Every structure is written in structure tokens, then in C-alpha cells.
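These notes concern the structure reproduced below.
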Amino acid sequence: MKNYSAREIKNIVLVGAPGTGKTTLAEAMAYEGKVIDRRGSIENNNTLSDNTDIEHEYKRSIYSTILFTEFMDRKLNIIDCPGSDDFCGSLFSAFKVGDVGIMLFNAQIGWEVGSEIQSRYARILNKPLIGVINQLDADKANFEAAYESIKAASQVKPVIVQYPVNQGAGFNAFIDVLMMKMYRFKDENGTREELPIPAEEEERAKALNQELVEMAAEHDDALMELYFEKGTLSQDDIRAGLKIGVSRREVMPIFCTSGKRDIGTKRLMEFIINVAPGPLSAPKFPATDGTEIAADADAPTVAFVFKSQLEQHIGEISYMRVVRGKVTEGMELVNSRTGNKEKISQLFAVAGKNRIKVTELSAGDIGCTVKLKGTRTNDTLAAANAPVTIEPIVFPEPRYRAAVKAKEQKEEERLGKLLNDAKYEDPTILVAYSKELKQTIIQGQGEHHLNILKARLANENKLDIEYFAPKIPYRETITKVAQADYRHKKQSGGAGQFGEVHMVIEPYYEGIPEPTKYKVNGKDITVNVKGKEEYDLEWGGKLQFYNSIVGGAIDARFMPAILKGVMEKMDEGPLTGSYARDIRVVIYDGKMHPVDSNEISFKLAARNAFKEAFRNAGPKIMEPIYNVEVLTPSEYMGAVMSDLQNRRAMIMGMESDKGFDRLNARVPLAELYRYSTTLSSLTSGAATYSMQFASYEQVPADVQDKLLKAYTDTDEE
């Protein structure tokens, strides 16, 4: 195939709610560009997209698929994204390298929660949208109702470019109010005829054409003057105005199609080529040093890896967009993250599982290479003489967590490797072993997200795993001053062990004054600070440690052992074995023996003194609280709110947004296990949510009592 320049390339992302027909439309586009000679179908498991076994089983997109088509001497790179929000990581990757989103709507439904979610992502990522009302051949297709729902909900103003003449089972014609023609389709292979607009449709077509003219004129002063002068605009003028409006995200042109019957595919592709922003007109790529990288084919090479994949018999596949310059076979580039050189041994244009060998990819193009040594998603490959790092994709925070283990203990090591492979392919899967919880914790975008991974491991790797409720990373702290002393004494022939430590502990807070005097249990304790150490704990919070020993009661050489004993007990708190935090410890007295005192004696004395003082200091268990935002159709708001309140949530606010309600709450992490499943059940799959860590707060007294009862102290002194 020919090498395309940035001027001849369009990079589009197919987005929309599940079931809007993205994969079928992508198939029609590939067919129209002669990339395939016959269209596959989801039912027959033979489409370019949805080409994995797991997608065949579920009959839906789970991974993004990169494909291309050639049309009107242009190359359209297409990224077909899954509709489910559980797999939104693919959409973030796609929007990083795609210049425009083609948003599909089901003609029977119109705007739905999936549309709201994905249009919201487009807004966050500042990507323009072109709307397509698809599946107009469905029995209950209703273009007008679908359009009105888009108009009511979208924050980008829709404008009709096409409308159907005979929607429903017999759909085979639409009127294009930009071209002012009727297109009628003779078969299901895209064969069309251009006809005059029927007399009964002329009035409506002219009115919609006028709307299109006015919309185009709004976006350019010269076009507005021309419109005032002539009272109309030419087709080229309308396109010029729409081009500005689309790129500014102020206009969403609306098309009508049936991807299944290949109706309207050609006209949509023509419009994308003529109007959608391409690599030269789309925003430049921001680099981490604040500069912006333009699609200049003659400048030093920069390529950005936006997707990584592992394929049996091939190994690692790296999908990239060439941001600047050219990538050629045999070229050596530097990975800006690792500093390592990477040789591009082979280059491919991508059509699903089909890879077409090419010798060169120019600025603005998308393709893949294989067997890079240490390159992964979000890495930048650049010419050695002009190093640069593209701003990475920022993926959404995980919303679902579970503990994971292999059903057979002997498979744990293999599970670790396979989970790392999963992270390599999908950066929204996070896996880490928690030393604190003594569990491997896996996080993802929802229960379905992790269940798909589980199914893949079983089907492809013959590895059975199980998920279970993860432990909660509680924290322990204190609420008042307490004192304790402890003597460790052991005699067993020869040198013995002896160490005695007296300490005061109190809650630490930002700005706390230096210690001078304490009154504990009617006893005055004066503090003369000899040394102070302050630690930011890796699990959050602080420890302040004061040496206030006077008169040589404890030799200074034993203070590190005393600190170690305190830290050991903070590492495994006295209440539930959770980390302790935000505590000040003052060592003010003690005793030692000239022969029997040693470091282990003082470590154990300090550990036990701290444990005793902690239990007398009004100890409290703290739990992680998350900010949760739920987006739901208004009719489900009552059920959603009631469920959250049963989860000890504190409702922080609500707002309505064009038929959807947004609810903000603070919810304990302990109450969020499997929340995605419950929310889906309550709202028939129509709601979504996001969650982000907020703070640690004290658990209620009844919850603390339950936690204390459930914990068995297993200290081995």
C-alpha cells in the first residue's frame, strides 16, 4: 500500500453506548475501502473488530480494535472502542491518538447513559464529535425522537445533515441537506443512486439546509458577511464553516446510517474526509517539557505508543501514532522513559488481526511494530538527536477491587506473571501484593472488567483463579495522652536480658506544640527534649519520636532499638494489626543494667510499653473514605440514594443535568465491595460511577466493636 502524508490521513474513534453498531459500521467502512472483499458479522464471529475468542463468546467489543480503510485517495485510521464503561481505558487510549470521535446512537433509543459517559470523556479530552444515528432499519427506529434526545442532552449542539425517508424495516433512502440530494440504496452492499429530493420533502429539506447554512456562518466572520450578502452559502462554504464548528467542539453534525445494510457509510466517510480535523489541523501533541509537537514529516521522529498487546507466536505488539517525522524499517529510536534504544524491525498498517507490511509510516499515521525490548503503553520513541516525551494518557481511577488467588497454591507464581501481562495490555488493571493486608489486590473499572480477565485466564491459560472480598486497609490512632512503662527481664544462665522503658504517647496533629510537661493519672511528667526525630510514614500520617532521657538512665546507643520497637508495633497496630499513624512518642525515663542490657531488650521493652500505652490512649480505628460520584437517569435517583445511605454514605450534593442526576457522596471503602454490580442491578445497567480516595476517618463505635471482636491478637513476643 502507498505511504500516506499527514494531509491524506484522518484518525477517527468510533464511540457510543453498547449495542449502537460501532463494529458493524467499522466493517462497512473497511468494505467500502476494499480492505475486505466481503463484510463479516458479529453473529458469524468474522468481523475485523471483535476478533478475539472472548469477544466472540460475549458478542460484544471488549478491546479496542485498530483498523484502516482507503477511500477517495485518503487513509482513514479507525479505532473501534468498546461501549461498556468497564473498558473505558481503551477509549482514553484511542482519544489520545484519534483526532475526532464518531459517536453512534441507536435509532430506537437515542441518547442513553453510555452516550452521556462517552461524550463526557470526549469533553474531558477536548475531542470533537460527529453524530451518527445508526440502525435506522430497526422496526422501532425513530430518527426524530433520537435527534430530540441528543438535542436535549448533548453539550455540543447537534445539526442535521441527513434524515431518513423511510426509517424502519424498509429503510433504504435518506435526504442529505448539505448535498440537497436524496440517496437511495439498491442493495446491501452500498450501491446507491442520487435522486432529486421528492416534492413532499422539499420544504423540510430547505428548512434544514437553512439551519445548516446559519450554523456554518456562525463560526467565521467572512462566512457571516458572505451569508448576509448572498442570503445563502455554497456547499464548500458550509463545509468550511462546519469544519471550524466541529474542531471547536461547538457543532455535532448528525448523519443517518444502517451499518448492517451499508447504507450511508460512503457519505459519512466523504464528510469525514472533507470536514473532520486531520493531523495538520487537530491540536498539537503536548510534551512534558511544555512544548507542543506538530505533525511535521521533515522534523526528527517522535512516535507515541498508545496500546500494547501480547499475541501467541508473535509476542509483544506495540501500536503507535507517528507524531512527527517518519518511522521506517530498520530505524533506531530511543525510549524516553528507559533511555534504551529500540530498533524498528518491521512496520505494519493494521486491519484488526490482519497486518499489512509497510516500509514507512509518516507523521499523523497509525500502525504497529513488534518485539520491542522494553516499550509499553504511554512510552515515547524519539530520534536520539531530538529527545522528547509526549504527555502520557491519564487513565481513570479504578472503581472495583478484589483479592485474587489461584485455586491451586502451586499456580501462584504463574498467576503473578499472567497478571503482569494483563497490566501490560490494559493499564486500567492494577495489581499489587499488599504487605499490610497479606493479599494480592487487583483493581479494575468494574466487576465485569475483572470477570473477563478471569475468563481469559481460564480459557487461554488453563488457570483457575478466584476473587474474594479484600481486607480493608484500616488505620489505628489515639485520641488522648497515655503513659506506660515496661521492664523486659530474662535470665537464662550467662548474660541475661534487661531493659526498662518509660514513655508518654499522644495524638499528633499538624502544628502541635513542642512537649514540655504532661499530667497523666495524677502524675506530673516534665520533659527535657534531648533529641527529636520525625517520620512521614509510608502508609500515611506521621510519627514523632523524642528522646527526653536525663541523667543517663538509658544510654543513647539504645535509642535506635527503642525506636525500632515502637515502629514494629506501629507496623502492626495493637487493635486490629493495621498500621498505626499520627502519634507522638516521648521516652522520658527507664533503667538499664551494666551487663544484661542490650538492643533486643530495649526493643522488646519499647514494643510492649507502646502497646500498653496505646490501649490506654483512647484508641480509634480509622477507615478509608472515598468520594463517589454516581451518574444515573433521574427515575432511578431514589433507589440509588437509598442504597448509598444503607452503605453509611454521607450525601454531599445532587444536581440534575439534562435528564440525568449526578449524586456526590462520601462512602467508606468497606461498603463499596461489588457496588458496581448493585448499581447496575438497581438501574438496569443505566448508571455509572467513579470513586476516588478522600481521607481516613474514625469508624463509628458499633463498627469498631465488631472489628475488635473479629481480631485475634497473635503477637509473638
Side-chain angles (χ1 to χ4, degrees), residues 435 476-478 480-508 514-535 537-538 542-581 583-617 619 711-717:
K435 186 182 82 152
E476 299 180 15
T477 193
I478 55 175
K480 64 181 184 181
V481 177
Q483 181 275 340
D485 47 75
Y486 189 90
R487 175 181 290 182
H488 174 75
K489 186 176 181 182
K490 189 176 181 184
Q491 201 71 40
S492 57
Q497 293 181 0
F498 183 91
E500 186 174 316
V501 171
H502 298 213
M503 71 171 64
V504 172
I505 68 173
E506 67 175 319
Y508 166 84
E514 292 295 295
T516 55
K517 188 179 288 189
Y518 294 102
K519 189 171 185 111
V520 188
N521 301 328
K523 184 166 125 185
D524 288 325
I525 300 169
T526 303
V527 173
N528 295 299
V529 177
K530 302 297 182 188
K532 172 187 175 182
E533 296 174 56
E534 189 167 292
Y535 298 92
L537 303 169
E538 62 182 75
K542 281 188 188 290
L543 165 68
Q544 280 190 343
F545 182 79
Y546 285 82
N547 174 5
S548 298
I549 296 293
V550 291
I554 301 176
D555 199 288
R557 66 195 168 97
F558 294 126
M559 294 311 291
I562 292 171
L563 172 62
K564 188 174 182 183
V566 169
M567 285 295 284
E568 278 185 6
K569 205 58 203 161
M570 289 192 72
D571 191 62
E572 188 181 333
L575 298 184
T576 62
S578 305
Y579 291 134
R581 57 176 279 168
I583 296 172
R584 171 185 280 175
V585 177
V586 180
I587 309 298
Y588 69 91
D589 202 0
K591 288 181 183 173
M592 60 182 180
H593 187 277
V595 176
D596 292 346
S597 286
N598 54 25
E599 289 184 356
I600 188 73
S601 302
F602 278 102
K603 185 184 87 165
L604 291 172
R607 180 185 168 101
N608 284 289
F610 179 80
K611 179 178 173 181
E612 185 181 328
F614 192 98
R615 286 178 168 164
N616 294 325
Y711 180 71
T712 304
D713 193 347
T714 56
D715 283 346
E716 288 182 14
E717 303 300 353

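Source: prediction; values computed, not measured.
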Original post:
Can M559 and F545 be said to form a side chain to side chain contact (heavy atoms under 4.5 Å, CB included), step by step?
Top reply: CA-CA 10 Å; M559 294 311 291; F545 182 79; 3.9 Å; yes

**OP:** Carefully, step by step, assess I478 and K480 under the rule side chain to side chain contact (heavy atoms under 4.5 Å, CB included).
**Re:** CA-CA 6 Å; I478 55 175; K480 64 181 184 181; over 6 Å; no

Original post:
Side chains of E533 and Q544: closer than 4.5 Å at any heavy-atom pair?
Top reply: no

Original post:
To the nearest 0.5 Å, what is the distance between CZ (F498) and OG (S601)?
Top reply: 9.0 Å

Original post:
Is there a donor-acceptor pair closer than 3.5 Å between any side-chain N or O of E476 and the backbone N or O of L575?
Top reply: yes

**OP:** Kindly compute the distance separating NZ (K569) from CD (E612), expressed to the nearest 0.5 Å.
**Re:** 13.0 Å

**OP:** Classify the ring geometry between H502 and Y588 as parallel (under 30°), tilted (30 to 60°) or perpendicular (over 60°).
**Re:** perpendicular

**OP:** Measure the spacing between CD1 of I525 and NZ of K519 and express it to the nearest 0.5 Å.
**Re:** 11.0 Å

Original post:
Looking at side-chain heavy atoms only, is the closest gap between L543 and L563 below 4.5 Å?
Top reply: yes

Subject >> Neighbour count above 12 (heavy atom, 6.0 Å) for K490 NZ >> reply: no

Original post:
What's the spacing between D555 CG and M592 CE if we round to 0.5 Å?
Top reply: 4.5 Å

Subject >> K591 atom NZ, over 12 foreign heavy atoms within 6.0 Å >> reply: no

**OP:** For residues R581 and L537, report the shortest heavy-atom separation together with the two atoms involved.
**Re:** CA-CD1, 3.9 Å

Original post:
What is the minimum heavy-atom distance between V481 and P507, and which atoms define it?
Top reply: N-CD, 4.3 Å

Original post:
What closest approach, in Å, do I549 and K530 show between heavy atoms, and which atom pair accounts for it?
Top reply: O-CG, 3.5 Å

Original post:
Can you name the closest pair of heavy atoms from A553 and G590 and give their distance?
Top reply: CB-O, 3.4 Å

Original post:
Within a strict 4.5 Å, meaning less than it, do heavy atoms of the Y518 and V586 side chains meet?
Top reply: yes

Original post:
Could you state the interatomic distance from CG (L604) to CD1 (I562), rounded to the nearest 0.5 Å?
Top reply: 11.5 Å

Original post:
Do we see a donor-acceptor contact under 3.5 Å between the side chains of Y508 and E506?
Top reply: no

**OP:** Report yes if the side chains of Q483 and M503 come closer than 4.5 Å at any heavy-atom pair, otherwise no.
**Re:** no

Original post:
Within a strict 4.5 Å, meaning less than it, do heavy atoms of the T477 and P619 side chains meet?
Top reply: no

**OP:** May I ask you to say whether R557 pairs ionically with E599, meaning some side-chain N is under 4.0 Å from a carboxylate O?
**Re:** no

Subject >> Minimum side-chain heavy-atom gap K489-Q497 below 4.5 Å >> reply: no

**OP:** Any chance you could measure R607, atom CZ, to D571, atom CG, to the nearest 0.5 Å?
**Re:** 9.5 Å

**OP:** Mind running side chain to side chain contact (heavy atoms under 4.5 Å, CB included) on Y546 and I587 for me, showing each step along the way?
**Re:** CA-CA 6 Å; Y546 285 82; I587 309 298; over 6 Å; no

Original post:
Between E538 and Y579, is any side-chain donor less than 3.5 angstrom from a side-chain acceptor?
Top reply: no

Original post:
Between R615 (side chain) and P574 (backbone), is there a donor-acceptor pair under 3.5 Å?
Top reply: yes

Subject >> Exercise: do H488 and E500 side chains pair donor with acceptor under 3.5 Å >> reply: no

Subject >> Stepwise side chain to side chain contact (heavy atoms under 4.5 Å, CB included) test for F610 and V501 >> reply: CA-CA 9 Å; F610 179 80; V501 171; over 6 Å; no

Subject >> F614 versus I583, closest heavy-atom pair with distance >> reply: CE1-CD1, 3.5 Å

Original post:
Around N521, counting heavy atoms of other residues, nucleotides and ligands shown, do more than 12 lie under 6.0 Å from its CG?
Top reply: no

Original post:
Which heavy-atom pair separates H593 from D596 by the least distance, and what is that distance?
Top reply: ND1-N, 2.9 Å

